[in-house]
**Q** 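Structure provided below as C-alpha cells; questions to follow.
Below, chains carry the letters A, B, ... as their sequence lines are ordered, and counting in each starts from 1.
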Number of protein chains: 2
Amino acid sequence: MTNIHDIAKLSGFSVSTVSRVLNRKNYVSDDAREKIEAVIKQMDYVPNDVARDLSRGKTYNIGVVLPYTKHAYFNQVLNGIMAEAYKQGYRVLILLSNYDKNKELEFLEQLRRKAFDALIFTSHGLPLEEIAKYLKYGQIVCCQNPNNVKIPAAYTARVSTYVKALSWVKEQGYKKIGIMQNRDYHVSATSEKTIRAYKQVFGEMPDSKLIVNDVTTYDNGYQAGEYYNKCSEKPDFVFANSDDIATGLRQYYLDNQLQVPPFMGQENQLPSQILKFSTIDHQLTKVGSAAFDVATSGEDKIVCIPSKFINRK
Amino acid sequence: MTNIHDIAKLSGFSVSTVSRVLNRKNYVSDDAREKIEAVIKQMDYVPNDVARDLSRGKTYNIGVVLPYTKHAYFNQVLNGIMAEAYKQGYRVLILLSNYDKNKELEFLEQLRRKAFDALIFTSHGLPLEEIAKYLKYGQIVCCQNPNNVKIPAAYTARVSTYVKALSWVKEQGYKKIGIMQNRDYHVSATSEKTIRAYKQVFGEMPDSKLIVNDVTTYDNGYQAGEYYNKCSEKPDFVFANSDDIATGLRQYYLDNQLQVPPFMGQENQLPSQILKFSTIDHQLTKVGSAAFDVATSGEDKIVCIPSKFINRK
DNA sequence: CTGAAAGCGCTAACAA
DNA sequence: TTGTTAGCGCTTTCAG
C-alpha cells in the first residue's frame, strides 16, 4: 500500500507539500503540483481516511439511533438526516436500538470513543437525563422536546397541533375516540403528548379500552381494526398514528364488509392524499435535517419545527 | 483528553501493558491489571476507536449501498445485514445512491480510502464490471447473480421460482398478465429475470402495455391500478413486485368499486398472509446476512439462497 | 510478565 | 513556496 511518504519520495518533494496538493490548501507552485499529481496518478494513490480522521480528530461520521427501520416516522426523519448529511459531506451510521437501553448505552460509549462525531437519537428508551450525561464526550441531539433536560434537540411541535386536530374531532360530535400509539404513553413522549392533548380537549382521560399500543405498521393497523371490532367499547372515530396505519385499519373493516369508522392519520403520506382523509404533517424530513444541522453545529441549540393539521373533510 | 500514555504514566506501567489490559490479550499480572484498571476508572478513560482502527488497519465499518430506503426489498436486506453486523460487532454505514452512478463511484472511492472494510451493493446502477474493478481495493459484495462477472455475491435464486409461479398462473388459464417492476428490465437484473421467466413459461414476450415500471411502494401500486383500469389492454392477472404493492393495487379497485383482478405478490410480507394471496418468499433477510458474511469473510464467495413460491389459492 | 520502540498514514505549526 | 518535525492515539514485535 502506497502512502504519502512514498509519493513525497518519488516526486522529490516533502510530505507536507504532498499533503497540500491533496487538500488544495495553501500555496503550492504549479511545478510542484504537476509533478506530485503525476506521481499520484502513476502510483494510483489515494489518501487513507482513517489516518486523516485521526490526525484531524474528526471522522465526518454521524451515528443515528433508530428503534427500528419500518415505521414511517423513522424513515422520514432518517431521510431528512441523510439528505443533509450528504450535502455536508458526512456519512451516516445506522444504530438499531429496538429501544434496548443497553444498546443505547453502547452507542453512547462509541460516541465517547470517537467512532463518530455526533449522535442523533430519533427516539430513545433511556431517560433523557442519562443521555445528557454523555454530552461531555461529544455532540448529541434528540428528536423531541427536551423540556427541562439540557440537551440539544430538533423536534416537531406536537401538542398544539394535536389540540387543533382533536378539537376538530370533538366539534364533529365524536365522543369515543380510538387512539393508536407506537408505545405506551408512560414511556413514549409522543404518546404522552397525544394523551395530554386529548385531556385538554375532552377534559378527561381517554378510555383505556380504546387505546391500542405497539402499533407501528400497516399490518398492526389492520390488527387494531380487528381489536376494535371485537372490543366491547367501539370507537366512533379513530386517531391513528400514521396514514399507513390508518389505511391498515380501514382495510380490516373493508375486508370484513364492515362500516369503516371515520378516522384520521398522521404524517401526510400518500394514502391520506389519495383517499382524502385528514392528517397531521409533522414535517419530519425537516426535523431530520434540522437535527443534523444541530449535530454538526456542535451548539446547544433547540429547534422546533411547526407541524400542521391538514383537514380534508 | 486523556490517552493511553497518560494511563501508562499514572499507573507506572508501560503503554504496551496498558494496551494489553485494554484488549485482554496476552499475560498481565493481576497486580498490574488491578492498578491499571484503577487508573482507567479514575481517569474515566476510554480508548479512541479511530486510533485503534488506524493501527489495526481495520474499521469494523461496512458500507451498504441502497438506491432508496422505502422499498421492502431494501428494508429486508438491510435488516438482515444489520442483524448480522451487530452480532459480529460491526457498524453499518448507509450509502444512498438513487442509482446515481457518480454516487456509486464515490462510495467505491471511499472503500478505497479505507473508510470502511467492505462494501455491499444491494443494487446498483453501475455495470458490475465497473464495480469489480474496485475489488483490488477492498471487499465488495453484490446482491444479485453476478453471472460471468467475477465478484463476490449473495443473492436469491429468482428465475426458477419465477418460472414455478408463472407456470401456476398459466395453469389457471390466465393469459394477459400485468407485470409490475421496480425498474425497466433493460437496466434491472431482477426485472430481466422476471421477463425471462415469463418468456420461458408463455413462450413470448409480455405485452409491453401490461408492464408498469418504477413501481416501488404501496402508493405506486395504487397508481398502477389506475393505469391498468384506464388501459386499453386490461390484465386478467397481475404479478406484483411486492405484497405491499399488490395491496395498493387491490385498494385502487376496491376504492373504485371495481372487480379486483386476481394477483399475486412477492416477499411474503404480512399483507399476503392476512389477505391470503400467493406470493414469493425471496428470503431477503437471509440474503442480507449472507451478504454480510461474505463481506467480512473477505473471500470471493458466491452464495445463492433458494426462494419459495407460496401458493395460497 | 513487561517495556522500548517502530509503526499505522496523515495534518499542521513553525522554520527556513 | 517548501521542508522539518512533532503530533493524533493505539498496536505489536522483539528483547529482556
Side-chain angles (χ1 to χ4, degrees), chain A residues 1-37 39-40 43-61 89 109-117 137-138, chain B residues 1-37 39-40 43-61 89 109-117 137-138:
Chain A
M1 192 87 295
T2 126
N3 65 26
I4 199 173
H5 284 102
D6 300 330
I7 303 300
K9 209 161 294 168
L10 288 168
S11 64
F13 290 87
S14 72
V15 289
S16 39
T17 304
V18 175
S19 177
R20 283 181 197 110
V21 346
L22 248 26
N23 299 294
R24 313 174 191 294
K25 236 183 181 178
N26 302 320
Y27 298 109
V28 177
S29 68
D30 288 346
D31 176 56
R33 160 162 294 113
E34 276 168 30
K35 281 188 184 149
I36 289 172
E37 279 174 347
V39 175
I40 286 176
M43 299 301 292
D44 193 29
Y45 164 79
V46 284
N48 179 306
D49 272 356
V50 181
R52 180 177 281 189
D53 289 349
L54 175 61
S55 187
R56 292 203 273 225
K58 208 176 161 184
T59 62
Y60 288 94
N61 283 162
E109 283 296 328
Q110 295 189 16
L111 171 69
R112 193 176 162 195
R113 301 162 84 118
K114 308 289 179 202
F116 22 78
D117 299 345
Y137 303 120
Chain B
M1 189 86 301
T2 127
N3 65 26
I4 200 172
H5 284 102
D6 301 329
I7 303 300
K9 210 161 292 167
L10 289 168
S11 64
F13 289 88
S14 71
V15 289
S16 36
T17 304
V18 176
S19 176
R20 284 183 198 109
V21 346
L22 247 27
N23 297 294
R24 314 173 193 295
K25 238 183 180 178
N26 303 321
Y27 296 110
V28 177
S29 67
D30 288 347
D31 176 59
R33 160 162 295 114
E34 276 167 30
K35 283 187 182 148
I36 290 172
E37 279 175 347
V39 175
I40 286 176
M43 299 302 291
D44 194 29
Y45 164 78
V46 284
N48 179 306
D49 272 357
V50 181
R52 181 176 280 189
D53 290 348
L54 175 61
S55 188
R56 293 205 271 226
K58 206 174 162 184
T59 63
Y60 289 93
N61 284 162
E109 284 295 329
Q110 295 189 15
L111 171 70
R112 192 175 161 195
R113 299 161 85 119
K114 308 288 178 202
F116 21 78
D117 299 345
Y137 303 121

**Q** On a heavy-atom basis, which atom in A:Val18 and which in A:Ser11 lie closest, and how many Å separate them?
**A**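 Here A:Val18 and A:Ser11 meet closest at CG2-OG, 4.4 Å.
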**Q** Output the single nucleotide from C:dG9, C:dA12, C:dT2 whose closest atom is nearest the side chain of A:Val15.
**A**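 Nearest to the side-chain atoms of A:Val15, counting from C-beta on, is C:dA12.
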**Q** Could you state the CD-P distance from B:Glu34 to C:dT2, rounded to the nearest angstrom?
**A** 12 Å
**Q** What is the distance from CD1 of A:Ile36 to C1' of D:dT1, rounded to the nearest Å?
**A** 11 Å
**Q** Over how many whole Å does the gap from B:Arg56 atom CZ to D:dT11 atom P extend?
**A**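 Rounded to whole Å, this separation is 6 Å.
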**Q** Under 4.0 Å between any heavy atoms, over every strand shown, what does A:Asn23 touch: base, sugar-phosphate, or nothing? Just pick one.
**A**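 The answer is sugar-phosphate, as A:Asn23 gets under 4.0 Å only of primed atoms, P, OP1 or OP2.
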**Q** Look at the side chain of A:Thr17 and decide which nucleotide, out of C:dT11, C:dT2, D:dT2, has an atom nearest to it.
**A**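 Looking only at side-chain atoms, A:Thr17 lies closest to D:dT2.
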**Q** Between A:Ser29 and A:His5, which has a closest nucleotide on DNA chain D that is more 5'?
**A**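 With A:Ser29 and A:His5 compared, the 5'-side residue is A:Ser29.
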**Q** For the side chain of B:Ser16 and the base of C:dA4, is some donor closer than 3.5 Å to an acceptor across the two?
**A**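 Between C:dA4 and B:Ser16, which were checked side chain against base, a qualifying N/O pair under 3.5 Å is present.
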**Q** Can you find an N or O donor on one side and an acceptor on the other, under 3.5 Å apart, linking the side chain of B:Arg20 with the base of C:dG3?
**A**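 Side chain to base: pair present.
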**Q** Separation of A:Leu54 atom CG from C:dC8 atom C1', in whole Å?
**A**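 It works out to 9 Å between those atoms.
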**Q** To the nearest Å, how far apart are B:Leu22 CG and C:dG3 C1'?
**A** 16 Å
**Q** Let me know the distance between CG of B:Asp53 and C1' of C:dG9, rounded to the nearest Å.
**A**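 Those two atoms, CG and C1', are 13 Å apart.
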**Q** In whole angstrom, give the distance that lies between atom CZ of A:Arg112 and atom P of D:dG9.
**A** 15 Å
**Q** If you check every side-chain atom of A:Ala51, which of D:dG9, C:dC10, D:dT11 has the closest atom?
**A**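 Per side-chain heavy atoms of A:Ala51, the pick is C:dC10.
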**Q** Can you give me the closest heavy-atom contact between B:Asn61 and B:Phe116, atom names plus distance?
**A**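 Heavy atoms only, the tightest pair is O-CB, 3.3 Å.
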**Q** How far apart are the C-alpha atoms of B:Leu10 and B:Thr2, what are their side-chain angles, what is the distance that settles it, and do they pass the side chain to side chain contact (heavy atoms under 4.5 Å, CB included) test?
**A** CA-CA 11 Å; B:Leu10 289 168; B:Thr2 127; over 6 Å; no
**Q** Nearest-Å distance, CD1 (B:Ile4) to P (C:dA4)?
**A** 14 Å
**Q** Between B:Val21 and B:Val28, which heavy-atom pair has the shortest distance, and what is it?
**A** CG1-CG1, 4.2 Å
**Q** Can you tell me if A:Asn48 touches the phosphate of C:dC8, counting only side-chain N or O atoms and a distance under 4.0 Å to OP1 or OP2?
**A** no
**Q** Taking the nucleotide of DNA chain C with the nearest heavy atom to each, does B:Gly12 or A:Ser19 sit closer to the 5' end?
**A**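 Between the two, 5'-proximity favours B:Gly12.
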**Q** Less than 4.0 angstrom from a charged side-chain N to a carboxylate O is my criterion; do B:Asp117 and B:Arg56 meet it?
**A**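 Salt bridge absent between B:Asp117 and B:Arg56.
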**Q** Distance check: side-chain N/O of B:Ser55 vs OP1/OP2 of C:dC8, anything under 4.0 Å?
**A**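 For B:Ser55, the contact criterion (side-chain N or O under 4.0 Å from OP1 or OP2 of C:dC8) is not met.
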